[in-house]
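Comments concern the structure below.
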Amino acid sequence: MNILVVEDNADVRSSVEEFLRFAGHTVTGCEDGQRAIDILSERRMHLVLSDIQMPGLDGRSLLRRIKSNPALGGPEVILFTGFGSVQEAVEATQDGAFHYLLKPLNVKELDILVRKVQEFMALRDENRRLTETFETEIRDAARHLENELIAVRRAYAREMGSLEIGVFSESMRAVIRDAEKLHTDPDIPVLIEGETGTGKELIAHFIHFGRGDVLTPFVGLNCA
């Protein structure tokens, strides 16, 4: 991990940096909160280890700046101080700190915490990846089903619109011309009359589907 150590005491900072480098991390150190902000603006850090009591921008203020500014990369923050209290620890956690340590630092405890941060970030990244993948797959599946539905509707419309209607008289040709006109304006109510078997339903389908350019379903109701 890329870790930023913020500590105004040079000896403490050097010791923490050396331990973290020995543990295999890439470590950068600085002496105050403002310098830490500058570094975070330039480089991607996974974790910030910061003292609370520092001149200028202290650890609590640094924590709030990090959590309120996405441009700083959203690293996790562990605070430590030699003047701790339960209330201060609670407030630091409420501000978004990953954890809170007391000086003198216990390197075993620090090592465990850093590992927990690594595990947490790995789980967070995996969850984000799975969420993005799931949403993408859902969108793809929905798009595929929508395309299939449109294709089925078009095929059905073409089939219904291409029904062969035998026209053998001028009066029937006039009926077909009227049906074509009615097809262009679906708001016009139409009453089709005729004896059983004269093709009323065929004309109804023709009015609805036209030559196959309508995808909406035809809903037939048996009024009997």
Side-chain donor/acceptor of [X] to backbone N/O of [Y], under 3.5 Å:
X      : Y      : result
Ser61  : Leu57  : no
His205 : Glu201 : yes
Asn2   : Arg44  : yes
Lys200 : Gly194 : yes

With a 4.5 Å cut-off on side-chain heavy-atom distances among I, L, V, M, F, W and Y, is there a chain of contacts connecting [X] to [Y]?
X     : Y      : result
Val12 : Val27  : yes
Val5  : Met121 : yes
Ile3  : Leu101 : yes
Phe22 : Leu47  : no
Phe80 : Leu4   : no

If you look only at distance, which donor and acceptor atoms sit under 3.5 Å apart when one is on a side chain in residues 107-118 and the other is two or more places apart or in another chain?
residue: Asp111; atom: OD2; partner: Arg115; partner atom: NE; Å: 3.0

My understanding is that only residues two or more places apart in sequence, or in another chain, count here; which of them pass side-chain hydrogen bond (donor to acceptor under 3.5 Å, both in side chains) with [X]?
X      : result
Arg173 : Glu170
Asp185 : none
Asp32  : none
Ser41  : none

Could you state the interatomic distance from [atom1] ([X]) to [atom2] ([Y]), rounded to the nearest 0.5 Å?
X      : Y      : atom1 : atom2 : value
His25  : Phe19  : NE2   : CZ    : 7.5 Å
Lys103 : Glu7   : NZ    : CD    : 3.5 Å
Leu62  : Met54  : CG    : CE    : 6.0 Å
Thr136 : Ile138 : OG1   : CD1   : 10.0 Å
Ile37  : Gln34  : CD1   : CD    : 6.5 Å
Ile207 : Leu202 : CD1   : CG    : 11.5 Å

Problem set entry | Residue pairs fulfilling salt bridge (charged side-chain N to carboxylate O under 4.0 Å, His left out) with at least one residue in residues 13-30, sequence neighbours excluded | Arg13-Glu17, Glu17-Arg21
Under the salt bridge (Lys or Arg N to Asp or Glu O under 4.0 Å) test, residues paired with [X] that sit two or more places apart:
X      : value
Asp11  : none
Asp178 : none
Arg35  : none
Arg129 : Glu126

Problem set entry | Note: Arg60-Asp95 ion pair, threshold 4.0 Å (strictly below) | yes
Exercise. Quick one: ring-ring contact (aromatic ring centres under 6.0 Å, His included) pairs with a partner in residues 118-140, sequence neighbours left out?
Worked result: Phe98-Phe120
Seminar exercise, completed: Residues Val6 and Ala36: closest non-hydrogen pair is CG2-CB, 3.7 Å
Exercise. Between Phe206 and Ala179, what is the shortest heavy-atom contact and its length?
Worked result: CD2-CB, 3.6 Å
Just list the side-chain donor-acceptor pairs under 3.5 Å for residues 69-78, sequence neighbours left out, or say none.
residue: Asn69; atom: OD1; partner: Ala71; partner atom: N; Å: 3.0
residue: Glu76; atom: OE2; partner: Arg124; partner atom: NH1; Å: 2.9

Exercise. Do the side chains of Leu20 and Leu49 get nearer than 4.5 Å, heavy atoms only?
Worked result: yes
Exercise. Is any side-chain heavy atom of Ser50 closer than 4.5 Å to a side-chain heavy atom of Leu63?
Worked result: no
Exercise. Stepwise, does the side chain to side chain contact (heavy atoms under 4.5 Å, CB included) test hold for Ile176 with Ile203?
Worked result: CA-CA 8 Å; Ile176 294 298; Ile203 294 300; 3.9 Å; yes
